[in-house]
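Labels below follow one simple rule: chain letters A, B, ... track the order of the sequence lines, proteins then strands, and each chain is numbered from 1.
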There are 2 protein chains.
Amino acid sequence: MNTIAAFIKNKRKEAGLTQEEFAIRSGLGLRFVRELEQGKETVRMDKVNQALAMFGMQAVPGRMDE
Amino acid sequence: MNTIAAFIKNKRKEAGLTQEEFAIRSGLGLRFVRELEQGKETVRMDKVNQALAMFGMQAVPGRMDE
DNA sequence: TTATTTTATACCCTTTATGGTATAAATAAT
DNA sequence: ATTATTTATACCATAAAGGGTATAAAATAA
């Protein structure tokens, strides 16, 4: 799974939220949250950022290794 | 402009490539490359990663500040 | 075990991102 | 200055992302 997907999934669980609760609080669609966490790669970046923003993060360039 | 957009634009220029050349080499559409560099936020993540991969990078979660 | 909650998959529909192309604007070169 | 190159904006068509919802599967609780 890609790092963003794993990050969201882990952080959401840490926060004790279900996908549904997370969807509601973030203003994202439930289906989107699910597909994102499952590593769907053709998601829209603005929505990915909307999800990351829940944890004070955003999508930035990072080295493919490390 | 968002960091990914700026990153691509800067790196592309450093590499001495026009948007057209970059589009060809990366296999991305010219229009997409342009919109990406102009900071369009509703772009598809897989294509963003395809662009970043040209420089050994990918989209990862990063703190919104710093 | 069974019952409950959470997550995954499938369907239809609407919106929109993307490619291609053509034109306009801006920048660089002569 | 003019010309050539690069970048930005606009149009149309197609493919697909996303929302909603319903069902199935999986995980957790009792």
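- In this entry the distance linking CG of B/Asn49 with P of C/dT18 reads 13 Å, nearest Å.
- When the C1' atom of C/dT15 is taken as reference, atom CZ of A/Phe32 falls 15 Å away, rounded to whole Å.
- The separation between B/Met45 atom CE and D/dG18 atom P is 11 Å, rounded to whole Å.
- Phosphate contact (OP1/OP2 of D/dA22, side-chain N/O of A/Arg31, threshold under 4.0 Å): absent.
- Contact check, B/Arg44 against C/dT18: no side-chain N or O comes under 4.0 Å of OP1 or OP2.
- Between B/Lys40 and D/dA8 there is no side-chain N or O to OP1 or OP2 distance below 4.0 Å.
- OP1 or OP2 of D/dT7 sits under 4.0 Å from a side-chain N or O of B/Arg12.
- Considering only the side chain of A/Thr42, D/dA17 comes nearest among C/dT7, D/dG19, D/dA17.
- Of the candidate nucleotides C/dT7, C/dT18, D/dG18, D/dG18 has the atom nearest to the side chain of A/Glu35.
- Residue B/Thr18 places none of its side-chain N or O atoms closer than 4.0 Å to OP1 or OP2 of D/dT6.
- Atom CD in A/Gln50 sits about 13 Å away from atom C1' in D/dG19, given to the nearest Å.
- The shortest heavy-atom contact between B/Pro61 and A/Thr3 is CD-OG1, 3.8 Å.
- Note on B/Lys9: every side-chain N or O is 4.0 Å or more away from OP1 and OP2 of D/dT6.
- One can place CG of A/Leu30 at 16 Å from P of D/dT23, the figure rounded to the nearest angstrom.
- Nucleotide D/dG19 holds its P atom 11 Å from the CG atom of A/Leu36, rounded to whole Å.
- Atom pair A/Asn10:CG and C/dT7:C1' shows a separation of 16 Å (rounding to whole Å applied).
- Smallest separation of non-hydrogen atoms from B/Leu36 and B/Ala51: CD2-CB, 3.9 Å.
- B/Glu37 has its CD atom 15 Å from the C1' atom of C/dA26, to the nearest Å.
- When hydrophobic clusters are built by joining Ile, Leu, Val, Met, Phe, Trp and Tyr residues whose side-chain heavy atoms come closer than 4.5 Å, directly or via intermediates, A/Val60 is not grouped with A/Met57.
- Of all heavy-atom pairs spanning A/Arg44 and A/Asp46, the tightest one is NH2-OD2, 2.7 Å.
- Residues A/Arg34 and B/Val43 each lie close to DNA chain C; by heavy-atom proximity, the contact nearer the 5' end of the strand is made by A/Arg34.
- Contact annotation: A/Lys47 side-chain N/O to D/dG19 OP1/OP2 distance is under 4.0 Å.
- In this structure, B/Gln38 reaches the D/dA8 phosphate: one of its side-chain N or O atoms is under 4.0 Å from OP1 or OP2.
- Residue A/Lys13 places no side-chain N or O under 4.0 Å from the OP1 or OP2 atom of C/dT6.
- The existence of a salt bridge linking B/Arg12 and B/Glu37 is confirmed by a sub-4.0 Å separation between a basic side-chain nitrogen and an acidic carboxylate oxygen.
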